[in-house]
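Excluded from the calculations below are hydrogen atoms, water molecules and symmetry mates; all remaining heavy atoms, backbone and side chain alike, are included. The first residue in the sequence is number 1, and the count goes up from there.
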Amino acid sequence: MSSSQNVVVSETTRSSIIPKMNDSSSQKLPPGFISISKKKLLNNIDIINGGQRINAWVESMRASSPTHLKSLPSLASQQQLNSWIMQHPSALEMFEQIMEASGGKQIVMFLDYDGTLSPIVDDPDRAFMSSKMRRTVKKLAKCFPTAIVTGRCIDKVYNFVKLAELYYAGSHGMDIKGPAKGFSRHKRVKQSLLYQPASDYVPMIDEVYRQLLEKTKSTPGVKVENHKFCTSVHFRCVDEKKWSELVLQVRSVLKEYPTLKLTQGRKVFEIRPMIEWDKGKALEFLLESLGFGNSNNVFPIYIGDDRTDEDAFKVLRDRGEGFGILVSKFPKDTDASYSLQNPSEVMDFLRRLVEWKQMQPSI
């Protein structure tokens with residue numbers, strides 16, 4: 001593969017991220033990009049040549065790495081960036097058009113956490129949101145039903161957010177809870193809501209977590225997290241020379257668990273139950289819980305930065321309701337309609353939403 005080519009890994013896939021490096025796609029992308037379609041990705045359980053298999057994982061890790069993206073001079077090209085932004089314009093610049101499109105419908109907000117409400121940091125235990133962001137989200141929840149949808153377990157993300165008036169969908173939507181009693185200002189909210197579609201997997205996830213801790217302890221910089229219904233292996237602080245070794249370690253554990261699937265996010269491997277559930281399903285469940293399951297009077301807005309958020313973006317596209325907003329400084333293959341560059345812009349967008357709502361005549 002030529003070093004002058006940039007790779008945009010399809011972020012909509014729910015299977016392993018293993019590109020066929022000679023594939024090309026007809027999808028509309030900025031000049032110089034190759035889109036690796038999810039239809040061309042290899043299933044993570046297939047057994048093929050070991051060396052090629054590991055190399056494919058490592059290439060995918062490089063392709064989806066923000067560090068590597070920054071190191072590619074051509075990606076900074078204003079022409080390429082402008083081409084992508086034409087397809088995914090800034091949600092701040094298009095704010096009035098978005099509000100006009102809402103057409104007086106009930107806005108429901110869905111927010112990822114890491115990289116959306118908080119910056120991406122080397123230590124996931126220190127992904128703190130700012131006090132300004134917390135105040136903004138608190139005001140937002142007074143105006144609209146608001147949910148945090150994250151790969152983290154609910155307890156951990158709640159310790160970061162500390163807002164009882166929100167919905168929380170943790171473990172990629174496999175652990176959903178409604179607002180604490182007495183905190184919601186929205187009549188439709190079911191405060192007793194609790195849904196855990198992967199509860200049977202908790203003992204297995206705990207077992208895999210312990211095995212991953214043991215197996216990866218020889219690799220410096222690895223961080224393994226137990227999210228109750230799923231687990232993650234962070235390699236943000238792992239030397240790139242150790243990535244192949246890490247892939248082997250993780251796969252050696254998971255080969256004994258055929259009902260678990262391995263996917264890749266931003267500098268992280270995600271191990272989840274192989275059930276038909278993801279952030280998109282969680283979004284639909286929450287809308288149903290709010291009484292908007294079959295309603296044409298709802299306008300969901302989902303803001304996220306990771307490939308796991310693509311499931312939710314796709315749901316909104318398929319429903320033809322609301323919009324997805326991708327948080328990214330770099331062109332990516334996405335089902336989101338709009339973009340924001342960083343958590344600071346997310347906060348600005350949420351503030352404008354609050355101000356817009358406060359200016360609306362009360363009914």
Side-chain angles (χ1 to χ4, degrees), residues 1 3 7 9 11 16-19 21 42 44 49-72 75 112-116 118-129 150-153 155-157 159-160 170-172 204-257 260-272 305-308 329-330 343:
M1 179 177 168
S3 60
V7 177
V9 178
E11 307 237 346
S16 304
I17 311 304
I18 307 174
M21 304 312 292
L42 301 177
N44 67 312
N49 293 335
Q52 295 178 4
R53 179 77 172 147
I54 300 305
N55 288 340
W57 270 101
V58 173
E59 285 300 316
S60 175
M61 292 160 79
R62 290 192 183 115
S64 62
S65 164
T67 301
H68 280 272
L69 289 174
K70 292 175 185 176
S71 70
L72 295 172
L75 254 174
D112 182 30
Y113 183 75
D114 294 272
T116 299
S118 73
I120 295 292
V121 295
D122 289 342
D123 183 355
D125 288 334
R126 301 192 63 79
F128 304 116
M129 67 189 298
T150 174
R152 291 180 181 267
C153 68
D155 290 344
K156 183 165 285 188
V157 78
N159 286 336
F160 283 134
S171 301
H172 299 286
M204 184 185 296
I205 291 295
D206 192 52
E207 186 177 291
V208 169
Y209 166 71
R210 292 196 302 269
Q211 290 189 33
L212 286 169
L213 278 178
E214 179 65 26
K215 186 69 72 170
T216 63
K217 68 181 183 181
S218 62
T219 304
V222 172
K223 173 76 173 181
V224 184
E225 283 192 292
N226 187 342
H227 302 300
K228 189 174 181 179
F229 299 95
C230 60
T231 190
S232 59
V233 180
H234 298 267
F235 56 88
R236 183 169 298 276
C237 296
V238 176
D239 190 307
E240 188 174 325
K241 295 177 182 178
K242 295 285 188 179
W243 284 3
S244 296
E245 177 184 319
L246 180 61
V247 171
L248 286 170
Q249 292 168 344
V250 173
R251 284 173 51 79
S252 70
V253 172
L254 290 186
K255 69 181 181 181
E256 303 298 329
Y257 298 90
L260 298 180
K261 62 181 176 180
L262 176 65
T263 59
Q264 184 192 324
R266 290 179 63 180
K267 290 292 190 75
V268 64
F269 289 127
E270 306 279 4
I271 295 93
R272 290 185 270 170
D305 76 308
D306 198 54
R307 62 166 45 108
T308 57
K329 292 182 180 180
F330 305 103

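Atoms CG and NZ, on Leu248 and Lys215 in that order, are 10.0 Å from each other to the nearest 0.5 Å. Atom CD of residue Glu270 and atom OG1 of residue Thr231 lie 8.5 Å apart, to the nearest 0.5 angstrom. Atom CZ of residue Arg272 and atom CG of residue Leu260 lie 11.5 Å apart, to the nearest 0.5 angstrom. Note that CG of Leu254 is 9.0 Å distant from CD of Gln211, once rounded to the nearest 0.5 Å. Within the model, atoms CG of Asp122 and NZ of Lys267 stand 8.0 Å from one another, a figure rounded to the nearest 0.5 Å.
In this structure, Arg152 and Glu225 have side chains that are in contact, with non-hydrogen atoms separated by less than 4.5 Å. Residues Val233 and Ile271 form a side-chain contact, since some pair of their non-hydrogen atoms from C-beta on lies under 4.5 Å apart. By the 4.5 Å heavy-atom criterion applied to side chains, Leu246 and Phe269 are counted as neighbours. Residues Ser218 and Gln249 form a side-chain contact, since some pair of their non-hydrogen atoms from C-beta on lies under 4.5 Å apart. A 4.5 Å side-chain heavy-atom check between His172 and Thr263 finds every atom pair outside the cut-off. When side chains are defined from C-beta on, Asp125 counts as touching Lys156, because their heavy atoms get closer than 4.5 Å. Contact annotation: the side chain of Glu214 never approaches that of Val253 to less than 4.5 Å [non-hydrogen atoms, C-beta and beyond]. Ile120 has its side chain within reach of Arg236: a pair of non-hydrogen atoms, C-beta onward, lies under 4.5 Å apart.
Heavy atoms only, all atoms of each residue included: Leu212 and Val250 are closest at CD2-CA, 4.1 Å. Shown here for Cys230 and Gly151, the closest heavy-atom pair between the two residues is SG-O, 3.9 Å. Here the closest heavy-atom approach between residue Ser118 and residue Pro343 is recorded as O-CG, 3.6 Å. For the residue pair Gly115 and Asp305, the shortest heavy atom distance occurs at CA-OD2, 3.7 Å.
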Report task. Carefully, step by step, assess Lys223 and Cys237 under the rule side chain to side chain contact (heavy atoms under 4.5 Å, CB included). Result -> CA-CA 8 Å; Lys223 173 76 173 181; Cys237 296; over 6 Å; no

Report task. Decide side chain to side chain contact (heavy atoms under 4.5 Å, CB included) for Thr219 and Val238; before the verdict, give the C-alpha distance in whole Å, the side-chain angles of both, and the deciding distance to 0.1 Å. Result -> CA-CA 7 Å; Thr219 304; Val238 176; 3.8 Å; yes

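Between Tyr113 and Phe160, the ring planes lie parallel to each other; the angle is under 30°, not in the 30° to 60° tilted range.
No donor-acceptor pair closer than 3.5 Å links the side chain of Asn226 to the backbone N or O of Ile205.
Remark: Lys242 NZ is loosely packed, at most 12 non-hydrogen atoms of other residues, nucleotides or ligands lying under 6.0 Å away.
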